[in-house]
Amino acid sequence: MNHIVLVSLLLSVSWATCSSKIHENFIQCMSTEFNAYTKSFQTIFTPQSPLYSYILQSSKQNLRWLNSTSKPHLIITPFHESEIQAVILCSKKQGLQVRVRSGGHDYEGLSFLCKTPFIIIDLVNLRGIEIDIEDETAWVQTGATLGELYYAIAKKSRVHGFPAGLCPTVGVGGHFTGGGFGILLRKYGLAADNVIDAYLIDVNGRILDRQGMGEDLFWAIRGGGGASFGIILSWKIKLIRVPPTVTVFTVPKTIEQGATKLVHRWQNIAGKLHEDLFIRIVIQNVGGENTSNKKTVEASFNSLFLGGIDRLITLMNDSFPELGLVPENCTEMSWIESTVYFAGFQKGSPLEVLLDKTQLYKAKFKAKSDFVTEPIPEFGFEGIWERFLEEGLVFMIMDPFGGRMNEIPESHIPFPHREGNLYNIQYLVKWDEDEARATHKHVNWIKMLYRYMKPYVSRSPRAAYLNYRDLDLGINKHANTSYSEARDWGMKYFKGNFKRLVQVKSKVDSDNFFRSEQSIPSIHT
């Protein structure tokens with residue numbers, strides 16, 4: 001037998017034996033010390049369980065991590081809070097790290113990957129939603145998806161909504177804890193800005209609401225990355241009012257059709273538009289291989305307006321006539337129908353597609369992010385186009401700020417990117433090849449683009465968005481990472497709020513039980 005194969009087999013057998021022992025000890029701990037656990041252990045899956053592989057892979061949204069060798073010794077899919085309490089306490093006793101997954105969209109896989117022995121708590125079964133239209137609030141469990149939340153709201157009211165992201169398969173748990181911006185942010189701010197209570201299980205297994213956890217911890221979990229502080233069970237959110245009719249449009253323009261000047265003009269006015277009007281830009285390379293068209297770069301102006309076509313056209317003629325928007329470009333619909341539109345489903349799709357947990361665009365990808373504080377010159381965009389034409393499937397998504405975002409102080413929640421930011425950029429490169437060298441090539445390309453953008457984006461620090469997680473910004477190399485070691489990436493995500501996050505972490509989880517490669521460090525470890 002080949003030596004490498006033999007070593008691999010021995011390691012596999014050793015890991016399986018270790019997992020079996022961990023499972024045995026874990027079950028014993030749960031049954032003897034935590035009699036509140038009453039589900040006959042049907043929600044604990046070992047590598048030998050028939051459903052283990054399916055559960056592990058089912059919600060991995062970035063296929064880059066699909067075949068990772070980092071696998072949990074156990075996966076727990078709890079139905080009740082008492083199960084999570086028991087898991088936390090037994091994990092501490094067994095010396096196991098915990099990863100918590102609500103949707104599987106973590107760009108760097110931190111919700112399901114770990115370099116040391118670990119288990120996954122997958123909150124897929126905790127997805128209840130209770131809507132109180134009279135009070136204009138809702139309780140949503142952390143394993144629910146954004147699509148499920150939007151659908152539940154619409155079943156109760158067609159004039160209520162919630163300002164969160166446009167991808168319906170994202171779990172609310174991770175989305176809210178990173179801030180959560182979407183196409184209503186210029187009118188109503190972030191998802192986390194509209195959270196008014198929560199239930200959290202802390203490192204000692206206690207269940208705490210806002211009053212019980214205190215304002216410092218409640219502040220931290222709304223944008224500071226909740227997995228650093230505990231496991232959030234559910235959120236109370238404030239619903240927002242939407243008009244019976246909204247209007248959407250998507251107007252694509254290639255370089256040859258004047259995209260460069262239009263994008264340059266957009267960045268000067270997008271954040272100053274009426275707060276009812278949100279226009280983002282999705283830039284990608286199109287044509288080339290397998291088509292009869294020459295490869296070029298296309299910028300799609302993608303918009304939601306909280307009102308009807310007539311008023312939209314008037315606003316656009318006054319503020320952005322260069323785009324040449326006409327009524328034929330626009331479609332009126334309800335707000336809930338607009339969530340289907342922005343999710344990328346075909347026109348006429350039933351609202352029930354929002355409940356489908358299958359991601360439309362699963363792929364291997366690498367992403368990075370920036371915030372822009374001063375308009376980028378036209379020649380800066382021309383340099384971007386040159387680099388786009390050198391690569392395969394790439395995207396650049398530009399989301400405008402302004403409006404309500406300018407009115408909320410940087411310190412309101414940990415998400416600090418408020419007044420002074422014109423827009424956010426998300427860069428994405430996707431690929432299909434399986435070879436490691438292909439991954440290396442595409443990742444190097446996006447790093448090159450990121451270096452090119454340095455003169456044109458925010459500085460001191462060069463800011464980034466936590467929900468577009470990027471381990472290139474820095475990692476915690478071991479469990480006892482200090483404040484100074486984590487400060488580089490921490491300042492990029494949180495700016496001046498990072499220090500307060502460290503203080504909260506040190507108070508509520510001083511031994512750093514809840515940790516990952518980019519978790520908030522404790523000054524006591």
Side-chain angles (χ1 to χ4, degrees), residues 105 136 138 140 146-147 149-150 153 160-168 170 172 174-196 222-224 235 237-243 246-250 266-267 269-282 301-307 312 315 319-320 335-336 338-339 341-343 369-373 396-426 458 463-468 493-495 497:
H105 277 265
E136 296 189 309
V140 51
L146 294 180
L149 174 60
Y150 298 156
I153 295 171
H160 286 85
F162 189 70
L166 55 79
C167 181
V170 168
V172 301
H175 189 66
F176 291 3
T177 62
F181 68 70
I183 53 179
L184 290 171
L185 89 167
R186 301 192 65 251
K187 179 79 170 183
Y188 294 107
L190 309 174
D193 292 329
N194 293 276
V195 170
I196 54 179
R222 292 175 295 150
W235 307 84
I237 58 175
K238 181 173 179 55
L239 304 181
I240 54 94
R241 293 287 187 101
V242 292
V246 303
T247 304
V248 301
F249 69 78
T250 301
W266 167 90
Q267 66 180 339
I269 57 99
K272 301 173 185 176
L273 296 171
H274 192 283
E275 61 184 11
D276 286 346
L277 179 55
F278 176 92
I279 307 174
R280 68 174 190 152
I281 302 179
V282 180
F301 294 81
N302 189 213
S303 176
L304 171 72
F305 175 63
L306 298 175
L312 169 61
L315 283 174
S319 58
F320 196 14
W335 173 78
I336 190 62
S338 78
T339 67
Y341 173 85
F342 283 101
S369 65
D370 267 316
F371 288 87
V372 177
T373 56
M396 182 168 156
I397 303 169
M398 304 158 71
D399 289 302
F401 281 26
R404 178 65 180 145
M405 293 294 284
N406 285 352
E407 300 167 359
I408 300 174
E410 284 190 2
S411 60
H412 175 64
I413 61 173
F415 180 101
H417 315 291
R418 306 289 186 167
E419 187 175 14
N421 291 287
L422 300 179
Y423 55 95
N424 168 266
I425 300 177
Q426 178 182 190
S458 61
Y465 177 35
L466 180 65
N467 278 354
Y468 300 153
Y493 289 137
F494 307 114
K495 298 173 69 173
N497 293 330

Problem set entry | W235 side-chain N/O to I196 backbone N/O, donor-acceptor pair under 3.5 Å | no
Problem set entry | Sidechain-backbone polar pair: T177 side chain, R222 backbone, donor-acceptor under 3.5 Å | no
For this session: Please tell me if the side chains of N424 and M398 come closer than 4.5 Å, counting only heavy atoms from C-beta onward.
Result: no
Exercise. Less than 4.5 Å apart, any side-chain heavy atom of P168 and any of L146?
Worked result: no
Problem set entry | Short N-O contact, E275 and R404, less than 4.0 angstrom | no
Exercise. Measuring from N194:CG to I240:CD1, what's the distance to the nearest 0.5 Å?
Worked result: 8.0 Å
Seminar exercise, completed: In terms of heavy-atom contacts, L466 and G223 come closest through CD2-O, 3.8 Å
Exercise. So, the side chain of N497 versus the backbone of E410: is there a donor-acceptor pair under 3.5 Å, distance only?
Worked result: yes
For this session: Keeping the roles fixed (side chain from S458, backbone from A463), state whether a donor-acceptor pair exists under 3.5 Å.
Result: yes
Problem set entry | Exam field: side chain D399 to backbone I425, donor-acceptor pair closer than 3.5 Å | no
Exercise. Looking at F342, F162, W335, which one forms a ring-ring contact (aromatic ring centres under 6.0 Å, His included) with Y150?
Worked result: W335
Exercise. Is there side-chain contact between I413 and L190, with at least one heavy-atom pair below 4.5 Å?
Worked result: yes
Exercise. Which heavy atom in L185 sits nearest to a heavy atom in P400, and how many Å separate them?
Worked result: CD2-O, 3.6 Å
Problem set entry | Gap separating the OG atom of S319 from the CG atom of L273, nearest 0.5 angstrom | 4.5 Å
Exercise. Is it true that R418 and E407 have a side-chain N and a carboxylate O under 4.0 angstrom from each other?
Worked result: no
Exercise. So, do F176 and I237 sit near enough that their side-chain heavy atoms are less than 4.5 Å apart?
Worked result: yes
Problem set entry | Within the 6.0 Å centroid threshold, strictly below: F371 and Y423 | no
For this session: Compare all side-chain heavy atoms of Y341 with those of L304 and state whether any distance is below 4.5 angstrom.
Result: no
Exercise. For the atom pair CD (Q426) and CG (N467), what is the distance rounded to the nearest 0.5 Å?
Worked result: 10.0 Å
Exercise. Any donor-acceptor pair under 3.5 Å linking the side chain of Y188 with the backbone of R241?
Worked result: yes
Exercise. What orientation do F415 and Y465 show, parallel under 30°, tilted 30 to 60°, or perpendicular over 60°?
Worked result: perpendicular
Exercise. Of all heavy-atom pairs between N406 and G420, which one has the smallest distance, and what is that distance?
Worked result: OD1-N, 4.3 Å
Exercise. Looking just at side-chain N and O atoms, do T373 and N421 make a donor-acceptor pair shorter than 3.5 Å?
Worked result: no
Problem set entry | Closest non-hydrogen atom pair, I153 against H160 | CG2-O, 3.4 Å
Problem set entry | Distance (rounded to the nearest 0.5 Å) between R280 CZ and R186 CZ | 14.5 Å
Seminar exercise, completed: The reported gap from CD1 in I281 to CD1 in I279 (rounded to nearest 0.5 angstrom) is 8.5 Å
Problem set entry | Student check: side-chain heavy atoms of L422 and F401 closer than 4.5 Å | no
Problem set entry | Distance in Å, L306 CG paired with F278 CZ, rounded so as to fall on 0.5 Å steps | 11.0 Å
Problem set entry | Donor-acceptor contact present, side-chain H417 to main-chain A464, <3.5 Å | yes
